[in-house]
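Notes for the one structure printed next.
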There are 2 protein chains.
Amino acid sequence: MLDLRRLRLLRELHERGTIAAVADALQFTPSAVSQQLAVLERETGVALIARAGRGVRLTDAALVLVEHADALLTRAAEAEADLAAASGEVAGRARIATFQSAALHIALPAIETLAGTAPRLRCEVVEAEPESALPALALGDHDLVLADEWEHQPRGLPRGVERHDLLRDPVRIVLPARHRLAREHRETVPLTSLADAHWTAGHEELGWDEMTRWTCRAHGGFDPDIRHRTNDAIVTLGLVARGLTVALLPGLPLLGAPRGVAVRAIADADVRRTVFAATRAADAARPSTGALLGAAREAAARIEEL
Amino acid sequence: MLDLRRLRLLRELHERGTIAAVADALQFTPSAVSQQLAVLERETGVALIARAGRGVRLTDAALVLVEHADALLTRAAEAEADLAAASGEVAGRARIATFQSAALHIALPAIETLAGTAPRLRCEVVEAEPESALPALALGDHDLVLADEWEHQPRGLPRGVERHDLLRDPVRIVLPARHRLAREHRETVPLTSLADAHWTAGHEELGWDEMTRWTCRAHGGFDPDIRHRTNDAIVTLGLVARGLTVALLPGLPLLGAPRGVAVRAIADADVRRTVFAATRAADAARPSTGALLGAAREAAARIEEL
DNA sequence: CTAAAGCAGTAGCGTTGCTACATCGTGCTC
DNA sequence: GAGCACGATGTAGCAACGCTACTGCTTTAG
C-alpha cells in the first residue's frame, strides 16, 4: 500500500531537484527525506532514484509514479476539503420505506424538495408495508419509514424507533359515480346502505383489510362481502370506476382518484388513520434524518391544506 | 494529510459493517482498527463513527469520505500497477483463488509455467468458490480468481473486476462403468433414462447443485433424487466408480476420471459452463497480472486441445 | 587543492501502532 | 429475567517506525 507522505516527498523531489531542497521546504533533515525515499523504493521494489553527480536523478519509473502521486495528492486534498464541507451538511444516503399512497403523495414530493435543498443526499425509496418496514427500520435496513395507524388498532413500535405524526387521514366511502347512492349527491352516505355491496380491501393481516372489516361491523353492523383483494389503491379505484365494487379508503390514495369515482364521507362516523414517519432514535442528531423529516412534514402539510 | 491505510479501514468498515469483521479480514485485532479509526477522526476533526446498538454506524460525513477513499485506493492500486509496468519485471506476489477442478487443471499448470518464466513471482493458491472469491477479489484479498458461470445463471461481477473467458466446458453424464446404460456403449445417454437414479451434486446454493437440478428438470423432466452432496468432484467420481451414484459433471474434473467411470454426452442437450479468470481492473497494467492471465490462458488452451 | 554542497548511513530517542487483556454496553437465549 | 455471547473501546506494554544529529563519502566550484 503506497503511502501518500512518501509520494509527496517524491513529487517535491521532482519539483525541486535535490533532496536538500525538499528537506528545506518541508522542514525535515535531508537524512529523513533520503530515508523515506529509500523506504518507498523498498516497498515498491522499483528503483526510483539514481545518483547523478553531486545530486540525484529520478528514474523513468519514478516519473511515472510522480504523475500518479500528483493526481493522488490532489484527490486527497479534495477529499479533505469535501469532508470538512460535508461535516455539517446534509449528505450521505437515505433509504425511505413507504406504503404506496404515501410514496406518491409524501415521499416523492419530499425527495423532490431534497434534491434541491440537499443535493448531496442520495435518496432511495423502497415500497414496503409498515408491518415489515418498522422492524426493518430498527435493524438498520431503512432510515425513514412512512407508516400508518388506524384508530382502532394502535401500532406498537420496535424499541429505539421514534414516531413523528404527519397527518390525520379521514376514511371515505368510495363509490362508482353512477352508483345510486352517489347520484343522490348527498355529502355523506350511511354505511348500512352498503351492507350488500361488493367490497374491495387489502390482503389479510394488513391494516386496510382490518379497518374495512372493523368499520363495517362497528358503524354498519355487517360483515362486508370482500370480493377483491389488492394492496394497490389505484387498482381498487379502477375497480370502483368500472362499477365493480365499493371500498373504504383514506384520503391519501384518493388524491389521485380518477373520473367515475365518487367520494363520500361516512354518515355519523369519523374513522381516521394517522400517517406518521418513523426514525431510529439513534439517528436523531443526524443532519440527513432531520432533513428527511422536515421534507416529509412539509409534504404532509401541503396535503392537509387541500 | 490523509493516510490511505486508515481510509482503507474506513472503506472496509463500510463494506463489512462491524469493526470486528474488518479486523478479522485484515488480520488485526479489533482494538487496532478502533484505534486507527479514532485517529482518523482526530486528524480530520469530523465525527465518522457513531455507536449503534452493539455495533457502529458510519455518519453521513463518513459516507462522503468513503466515496473519496474508494477513488483514492483505486487510483493508488493503478499507480502501483503502472509503476510495476514501468519497471517491466514480473515479480512480487500473486494470490490465485480457484475452485477445485480449475486448481488442478488450470492453476497448477499455470504456476508451473510461471515458475520457469517468472521466477521472481511468488504464486500462492487458495481454494475458494467463486461466490466468495469474486467479492474478495474486489476487496484485494486475491489477485486472480478462477470462476465459472453456468449458461442458465449469469454471474454478476463486483465493481472494478474484469472477466477473461478461458474455456467453454461441456457437461457430461457420469455413470458407473458397469451401469446398464454405460455397457450399451452409446455415445450419448438421454437424461430421462436416469430419472430414478441416485444423484450426487454440490452443496446447496452453489453452482453445481443449481445446474444439476436445472438440467434434470429442463432436459429430463424430473427432479433428481440427490442423495449425496459434496463439492469435491474427486469424491463424486469415487462414488460413481463404486456404482453408488450418477452425476452431471463438466469436463474439467473429468480430466482425472478414474477407472470404473463412464462418461457420456447428454442426448439432445448441450449444457455448458464458461470458465473464466477475473482480475481487478486497476491491475490491468501490472506485468504480474498479465503473466498470470497469459499462463492461465495457455493452460486452458492446452485443455481444449484434448 | 581546498572548501562547500549534496547524499547516504548509523545511533539514539520519541512517537506510533500493534497485541493482550479488561471493561462496558447490547442483544439473544433459555 | 438471568446468563451468555458479541462488539466496541480503553489501558499497558512492546516492537517498529521516523525523526534528528552526526559521520563519511563523492562531486563540483573557486
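Lettering follows sequence order; numbering is per chain, from 1. Given the structure is predicted, the values throughout are model-derived calculations rather than measurements.
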### Message
Looking only at the side chain of R54(B) (C-beta and beyond, no hydrogens), which of the listed nucleotides dT9(D), dA5(D), dG6(C) gets closest?
### Response
dA5(D)

#### Entry: Test side chain to side chain donor-acceptor pair (under 3.5 Å) applied to Q100(B) - qualifying residues, sequence neighbours left out
D232(B)

### Summary
L37(A) atom CG is separated from dG6(C) atom P, nearest whole Å, by 16 Å

### Message
If you take any heavy atom closer than 4.0 Å to DNA chain C, which residues from residues 9-17 of chain B end up in contact?
### Response
none

### For E149(B), all residues meeting side chain to side chain donor-acceptor pair (under 3.5 Å), sequence neighbours excluded
R163(B)

### Task
Please report, rounded to the nearest Å, how far the P atom of dA8(D) is from the CZ atom of R57(B).
14 Å

### Task
Starting at atom CG of L48(B), determine the distance to atom P of dA8(D), rounded to an integer number of angstrom.
15 Å

### Query
Over how many whole Å does the gap from I19(B) atom CD1 to dG25(C) atom C1' extend?
14 Å

### Query
Taking CE from M1(A) and P from dG17(C), how many angstroms apart are they, rounded to a whole number?
14 Å

### Message
Run the side-chain contact (heavy atoms from CB on, under 4.5 Å) test against R93(B) and tell me which residues pass, sequence neighbours left out.
### Response
R95(B), R122(B), E124(B)

### Query
How does each nucleotide of nucleotides 10-25 of chain D score, in 5' to 3' order, for protein heavy atoms under 4.0 Å: base (B), sugar-phosphate only (S), or none (-)?
BB------SBBB----

Scan the side chains in residues 19-32 of chain A for donor-acceptor partners under 3.5 Å anywhere in the protein, sequence neighbours excluded, and list what turns up.
from	atom 1	to	atom 2	distance (Å)
T29(A)	OG1	A32(A)	N	3.4
S31(A)	OG	Q35(A)	NE2	3.0

### Query
Rounded to the nearest 0.5 Å, how far apart are CZ of R272(A) and NE2 of H152(A)?
15.5 Å

